[in-house]
Amino acid sequence: MRLSGGQALEIAETICRTASGQSLSSAGSHVIMYGYIINPDSREEIDEALITIMRKPRSYTREDIVEINCHSGIVPLKKTVSAAIRQGARLAEPGEFTKRAFLNGRIDLAQAEAVIDLIKAETKNSCDLALKQLKGDLSRKTESMKEGLLEVLVNLEAAVDFPEEDIEPLERKQLIKNLSTIIVCIEQMLEGAEKGMIYREGLKTAITGKPNVGKSSLLNMLLRKERAIVTPIPGTTRDIIEEGLNVQGIPLRIVDTAGIREPDDLVEEAGVGLTRKTIEEADLVLCVFDQSQNLESEDMELLSITKEKKSILVLNKSDLSTKLREGEVKKLSGTRPIVRTCALTGAGLEQLEGAIQKLVFDGGAKGTEDILVSNIRHVTALEKAVGFAREAEATLREEESEEIIAMAVRESLTELGRITGETTSEDLLDRIFSEFCIGK
Ligand SMILES: Nc1nc2c(ncn2[C@@H]2O[C@H](COP(=O)(O)OP(=O)(O)OP(=O)(O)O)[C@@H](O)[C@H]2O)c(=O)[nH]1
Ligand SMILES: [Mg+2]
């Protein structure tokens, strides 16, 4: 249990008894004391505990913090919490500790967001990325771009305030150069954002194909567990099954779908409808075929509706004799990668995972060594910031008045400020911190 705020020590004092008899308020900072949690009214012991004291400002929230580590279990925990509440504490809102850390200036908004990303990260790469953001990499880069813009702004404003000292052509050139550097920097960040967002949110992957080709079997193979029901009866999967999966460090949100065909009944019809929607929303589609059968109209339809999508053709049932010749499939697939699998034995699993990795990250660096923007909120801010910076650059070239140029630069600064939370609204804060769980 964690208490934060001006009364944290006072409240903890009333519900804890240290073994040494020393009072919490007389203890220093960053100390751990051994003792018991007690009922403040009856003085009865509730649980054995270690009590950690972190005095402001050297704490997570920059407020006084007391953390009580006990054996817990639902009954002692409830008793402890209710004792603290009776003494004047209240339950924290979701993410409130991190929100206070932000409001008290210990971390900025991008760092606060990284805390939740770190908690939710499902692969090591996602985790590394969140940790870098938490340590302030993104914030520092944003800050340095802001400094660049500010320098431009100062020059422009000087010209506005002292019109007789018009900006020299040479100076204009330098300002254009400064702006271009910032624009390129933002553009590079935006380029990496697709990758960053995949690490943060997971790659939405849909497994699709005719009934009975082995979609659910493939899902189970990729998950290495029996998750979806597999039967020889076509039309087994009717609902959408979604699971998280780690493919060579890339988090996938993988969805098994109902087979595409003319539905027999209403339930199946609903399933097929959902499948189409899933394909539309997917970042990656695995198109599954039964290579022991000839292609049918449903297969052709699948190839056609996924033409514009990032997709991999999976020729399943490779243990059975081949009817689908590679050449024929190649002609239909265009440039899409093709992988042969046997979902019964797991043959081709590595090739499939390799193809996914290659397709998503173009075979390029899969590491997280660069600063990767991973949050749609940051992407939006960067897009707007670069838009205004381009506008400023263009108006500078066109020798517009300093005031007009300065306006665009200021807008760009405001947008960059949104990333670190310098410019923000109460609504936005509520939305961000509501994603947290209580106690973080
Ligand atoms: N021989 C062979 N059989 C397979 C393979 N993969 C799946 N099967 C069999 O094919 C049948 C259908 O498999 P499912 O995984 O249920 O196929 P599905 O595409 O999910 O089918 P629906 O949900 O009905 O659309 C089952 O009997 C599986 O055991 C394979 O690689 N080789
Ligand atoms: Mg199925």
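First listed ligand is number 1; within each ligand, the first listed atom is number 1. We number each residue from 1, following the sequence as shown.
- Ion pairing between Arg100 and Glu96 holds under the 4.0 Å rule for side-chain N and carboxylate O.
- No donor-acceptor distance shorter than 3.5 angstrom exists from the side chain of Asp47 to the backbone of Ile37, with no hydrogens or angles considered.
- No N or O atom of Asp256 sits closer than 3.5 Å to an N or O atom of ligand 1.
- Looking at atom 2 (C) of ligand 1, its nearest protein heavy atom turns out to be Leu344 CD1, 3.3 Å.
- Taking distance alone, with nitrogen or oxygen atoms compared against 3.5 Å, Thr236 approaches ligand 1 more closely than that limit.
- Within the 4.0 Å heavy-atom criterion, the part of Thr231 lying near ligand 1 is the backbone and not the side chain.
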CA sep, side-chain torsions, deciding dist, call: Asp41, Arg86, salt bridge (charged side-chain N to carboxylate O under 4.0 Å, His left out): CA-CA 10 Å; Asp41 306 318; Arg86 284 204 306 281; 3.2 Å; yes
Run the side chain to side chain donor-acceptor pair (under 3.5 Å) test on Thr237 and Ser216 for me, step by step, so that the C-alpha distance in whole Å, both residues' side-chain angles and the decisive distance to 0.1 Å come before the verdict. CA-CA 8 Å; Thr237 308; Ser216 300; 2.8 Å; yes
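- At a cut-off of 2.8 Å, Thr237 is counted among the residues with an N, O or S atom near the Mg ion (ligand 2).
- Counting only heavy atoms of the protein, atom 32 (N) of ligand 1 lies nearest to Asp319 OD1, 2.8 Å.
- Heavy-atom proximity to Gly235, at under 4.0 Å, picks out these atoms of ligand 1: 22 (P), 24 (O).
- For atom 25 (O) of ligand 1, the closest heavy atom belonging to the protein is Lys215 NZ, 2.8 Å.
- Taking a 4.0 Å cut-off on heavy atoms, Gly209 fails to register as neighbouring ligand 1.
- Residue contacts to the Mg ion (ligand 2): Asn212 brings no N, O or S atom closer than 2.8 Å.
- Of the N or O atoms in Thr257, none lie within a sub-3.5 Å distance of an N or O in ligand 1.
- A salt bridge links Arg276 with Glu301; the closest basic N to acidic carboxylate O contact falls under 4.0 Å.
- Taking a 4.0 Å cut-off on heavy atoms, Ile233 registers as neighbouring ligand 1.
- The shortest N/O to N/O separation between Ile229 and ligand 1 does not fall below 3.5 Å.
- Protein heavy atom closest to atom 21 (O) of ligand 1, with residue, atom name and distance, is Asn212 N, 3.0 Å.
- A donor-acceptor contact closer than 3.5 angstrom links the side chains of Ser180 and Glu393.
- Using a 4.0 Å cut-off between charged nitrogen and carboxylate oxygen, Lys120 and Glu201 do not count as a salt-bridge pair.
- For Lys210 and Asp290, the salt-bridge test fails: no basic side-chain N is under 4.0 Å from an acidic carboxylate O.
- Below 4.0 Å from some heavy atom of Pro211 lie the following atoms of ligand 1, by number and element: 25 (O).
- Looking at atom 6 (N) of ligand 1, its nearest protein heavy atom turns out to be Asn316 ND2, 3.1 Å.
- The distance from ligand 1 to the heavy atoms of Ser216 drops below 4.0 Å at these ligand atoms: 15 (O), 18 (P), 20 (O).
- The N/O atoms of Thr237, backbone and side chain alike, include one that comes under 3.5 Å of an N/O atom in ligand 1.
- Inspection of the Thr123 and Ser126 side chains reveals an N or O donor paired with an N or O acceptor under 3.5 Å.
- Nearest protein heavy-atom neighbour of atom 8 (N) of ligand 1: Lys317 CE, 3.7 Å.
- Of all the heavy atoms of Cys342, the ones lying under 4.0 Å from any atom of ligand 1 are found in both the backbone and the side chain.
- Given atom 28 (C) of ligand 1, the protein heavy atom at minimum distance is Val230 CG1, 3.6 Å.
- Residue Leu320 has no nitrogen or oxygen atom sitting less than 3.5 Å from a nitrogen or oxygen atom of ligand 1, judged on distance alone.
- A side-chain N or O of Arg336 and one of Thr306 form a donor-acceptor pair less than 3.5 Å apart.
- Here the protein heavy atom with the shortest distance to atom 15 (O) of ligand 1 is Ser217 OG, 2.5 Å.
- For Thr257 and Thr208, the side-chain atoms include no donor-acceptor pair closer than 3.5 Å.
- Closest to atom 31 (O) of ligand 1 by heavy atom, among Ser318, Pro232, Ala228, Ala343, is Ala343.
- Inspection of the Thr414 and Thr423 side chains reveals no N or O donor paired with an N or O acceptor under 3.5 Å.
- Using modelled atom types and a 3.5 Å distance limit, the side chains of Thr341 and Asn316 yield a donor-acceptor pair.
- In this structure, the side chains of Arg227 and Leu219 come closer than 4.5 Å at one or more pairs of heavy atoms.
- Polar contact with ligand 1: absent for Pro234 (N/O pair, distance under 3.5 Å).
- Using modelled atom types and a 3.5 Å distance limit, the side chains of Tyr60 and Thr98 yield a donor-acceptor pair.
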